[in-house]
Protein chains: 2
Amino acid sequence: MNNEGGLRTGEVAEQAGVNIQTLRYYERRGLIAEPARSPGGHRTYPADTVTLLAVIKAAQKLGFTLDEVAELLATGRRRHPTRDLQHRAAAKLTEVDQKIAHLHTIRQALTQLIAARCDSLTNCTCADCPMPFAGLAQPEGPTPQ
Amino acid sequence: MNNEGGLRTGEVAEQAGVNIQTLRYYERRGLIAEPARSPGGHRTYPADTVTLLAVIKAAQKLGFTLDEVAELLATGRRRHPTRDLQHRAAAKLTEVDQKIAHLHTIRQALTQLIAARCDSLTNCTCADCPMPFAGLAQPEGPTPQ
DNA sequence: CTTGACTCTGGACCTAAGTCCAGAGTTTAC
DNA sequence: GTAAACTCTGGACTTAGGTCCAGAGTCAAG
């Protein structure tokens, strides 16, 4: 095997822990550059593509979408550093805080439902049921035609 | 207009704040019973369908999927109350707690990235960069073929 | 130079919860 | 009885981030 000119698709995929289609998908999405090709048309990646894929994964874990990652990588390629990453990270932080708050609201409602021992969405028999619309009586079966 | 036999699709949709297609979608998914039909084939809903739709919305807001809501409604229709809702609510609570914990992890990483004044995913110039793989140097442009 | 392993393309498919559409039929008010 | 408004069907489309496939072509070892 001769890796001096670069890695083949399968090698990059294996080392980065992604699959081959994902590599091509990222290429289409502009996350990784179009690699050189062998005479027969096979892709030949520079070794740091593996690292780039790790960066992409890390950014995804921070909650950035692939579009956002693509833009962050694009601004990161400019000669002068920008505040783009800081801006986006701050915006993402706000987003995350909103999600956390939303989940806390849900959590509280679930806790109440459990504490009250609700036993039905529609015909709850618990005392002081916290569920809204607990009085609905659904018919036993579908309305026959 | 004669509503004594029930509501028409558009009336239910408007009162429940969903659209007509959603109504048919819920019918296909088994969330609402198949309604009676007019001689011409138009659906005629009982008035409490509006309430049922509100219950479905409430359950969705608690984080239940439509499949879960459908099953909860199904067990709710049985003669004897079951512990199904309690079980599902407890499981959902665990799920919500895991999501909250995950978001806190993300939040912490974002906060570190902001505090360190990171300026690039791939070429960060900040001191003691908390980003993993910050040493990656991406080429200026795509590898030319 | 054969053979097996690998890669190529582009399009279909997946989940979840809907939304939109065309073309046909129904209902209702006047 | 006509016209406007409504509803019917079922299939395609949406978002996000991939995954899978068939059929053809390429690469590398022996």
Side-chain angles (χ1 to χ4, degrees), chain A residues 1-32 34-45 49 53 55-73 92 95 99 145, chain B residues 1-32 34-45 49 52-73 92 95 99 145:
Chain A
M1 67 191 65
N2 169 13
N3 275 345
E4 315 192 10
L7 295 87
R8 286 177 298 138
T9 307
E11 292 171 328
V12 173
E14 189 189 5
Q15 287 179 37
V18 302
N19 80 27
I20 292 175
Q21 280 91 326
T22 301
L23 231 45
R24 296 207 307 114
Y25 177 65
Y26 284 0
E27 189 180 321
R28 283 204 299 285
R29 294 282 302 257
L31 287 150
I32 60 181
E34 290 185 21
R37 298 291 184 121
S38 75
H42 286 198
R43 288 171 180 79
T44 304
Y45 292 94
T49 300
L53 287 166
V55 170
I56 293 170
K57 278 189 168 188
Q60 277 190 293
K61 282 185 195 145
L62 288 177
F64 292 108
T65 66
L66 288 186
D67 275 350
E68 289 170 332
V69 177
E71 289 171 25
L72 283 169
L73 291 173
K92 189 60 67 180
E95 206 179 290
K99 281 186 189 170
Q145 61 274 47
Chain B
M1 64 192 66
N2 169 14
N3 274 346
E4 313 187 11
L7 294 85
R8 285 176 298 141
T9 308
E11 292 170 330
V12 173
E14 190 188 3
Q15 288 178 37
V18 303
N19 81 28
I20 292 175
Q21 280 90 326
T22 302
L23 231 45
R24 295 209 304 115
Y25 177 65
Y26 284 1
E27 189 180 320
R28 281 204 299 285
R29 294 283 301 259
L31 287 150
I32 61 181
E34 291 184 19
R37 298 290 184 121
S38 75
H42 286 199
R43 288 171 179 80
T44 304
Y45 292 95
T49 301
L52 176 56
L53 287 166
V55 169
I56 292 169
K57 278 189 168 188
Q60 277 190 292
K61 282 184 194 144
L62 289 177
F64 291 108
T65 66
L66 289 186
D67 275 349
E68 288 169 333
V69 176
E71 288 170 27
L72 282 169
L73 290 173
K92 189 60 66 178
E95 205 179 290
K99 281 185 190 171
Q145 63 275 42

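Fair warning: this is a prediction, and the values are worked out from it, not measured in the lab. Residue numbers start from 1 in every chain, and the chains themselves are labelled A, B, ... in the order their sequence lines are given, proteins ahead of strands.
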How many whole angstroms separate atom CD1 of B:Ile56 from atom C1' of C:dA16? 15 Å

Taken to the nearest whole Å, NZ/A:Lys61 to P/D:dG17 is 15 Å

Looking at D:dC27, I'd like to know if its phosphate oxygens (OP1 or OP2) sit under 4.0 Å from a side-chain N or O belonging to A:Arg37. no

When you check the phosphate oxygens OP1 and OP2 of D:dT7, does a side-chain N or O of B:Ser38 lie under 4.0 Å from one of them? no

Rounded to whole angstroms, how far apart are CD on B:Glu11 and C1' on D:dT7? 12 Å

Would you name the heavy atoms of A:Leu66 and A:Leu31 that are closest together and state the gap between them? O-CD2, 3.7 Å

Name the closest nucleotide to the B:Thr9 side chain, picking from C:dT26, D:dT9, D:dT7. D:dT7

Exercise: identify the closest heavy-atom pair between B:Thr44 and B:Gly6: CG2-CA, 3.7 Å

Just jot down the side-chain contact (heavy atoms from CB on, under 4.5 Å) partners of A:Gln21, sequence neighbours excluded, or say none. A:Asn19

What residues form a salt bridge (charged side-chain N to carboxylate O under 4.0 Å, His left out) with B:Lys92, not counting sequence neighbours? B:Glu68, B:Glu95

Taking DNA chain C as the partner, which of residues 62-69 of chain A come within under 4.0 angstrom of it by heavy atom? none

So if I take residues 18-30 of chain B and measure heavy-atom distances to DNA chain C, which residues fall below 4.0 Å? B:Asn19, B:Gln21, B:Thr22, B:Tyr25, B:Tyr26, B:Arg29

Does the side chain of B:Leu23 reach to within under 4.5 Å of the side chain of B:Thr9, using non-hydrogen atoms? yes

Helix axis bend for the helix from C:dC1-D:dG30 to C:dC30-D:dG1 - C1'-based end axes, five pairs, 10° rounding: 20°

Can you tell if the side chain of B:Leu53 reaches within under 4.5 Å of the side chain of B:Val12, non-hydrogen atoms only? yes

Strictly below 4.0 Å: does B:Gln60 bring a side-chain N or O up to OP1 or OP2 of C:dA16? no

Between A:Glu27 and A:Pro35, is there a side-chain heavy-atom distance shorter than 4.5 Å? yes

Indicate whether OP1 or OP2 belonging to C:dT7 is found under 4.0 Å from a side-chain N or O atom of A:Arg43. no

Set of side-chain contact (heavy atoms from CB on, under 4.5 Å) partners for A:Arg24, sequence neighbours left out: A:Arg28, A:Arg43

Distances under 3.5 Å only, N/O to N/O: pair up the protein atoms with those of nucleotides 22-25 of chain C.
none

Please tabulate, one pair per line, all N/O donor-acceptor pairs under 3.5 Å involving side-chain atoms of residues 56-64 of chain A, not counting sequence neighbours.
residue : atom : partner : partner atom : Å
A:Lys57 : NZ   : A:Ala16 : O            : 3.2
A:Lys57 : NZ   : A:Gly17 : O            : 3.4
A:Gln60 : OE1  : A:Tyr26 : OH           : 3.4

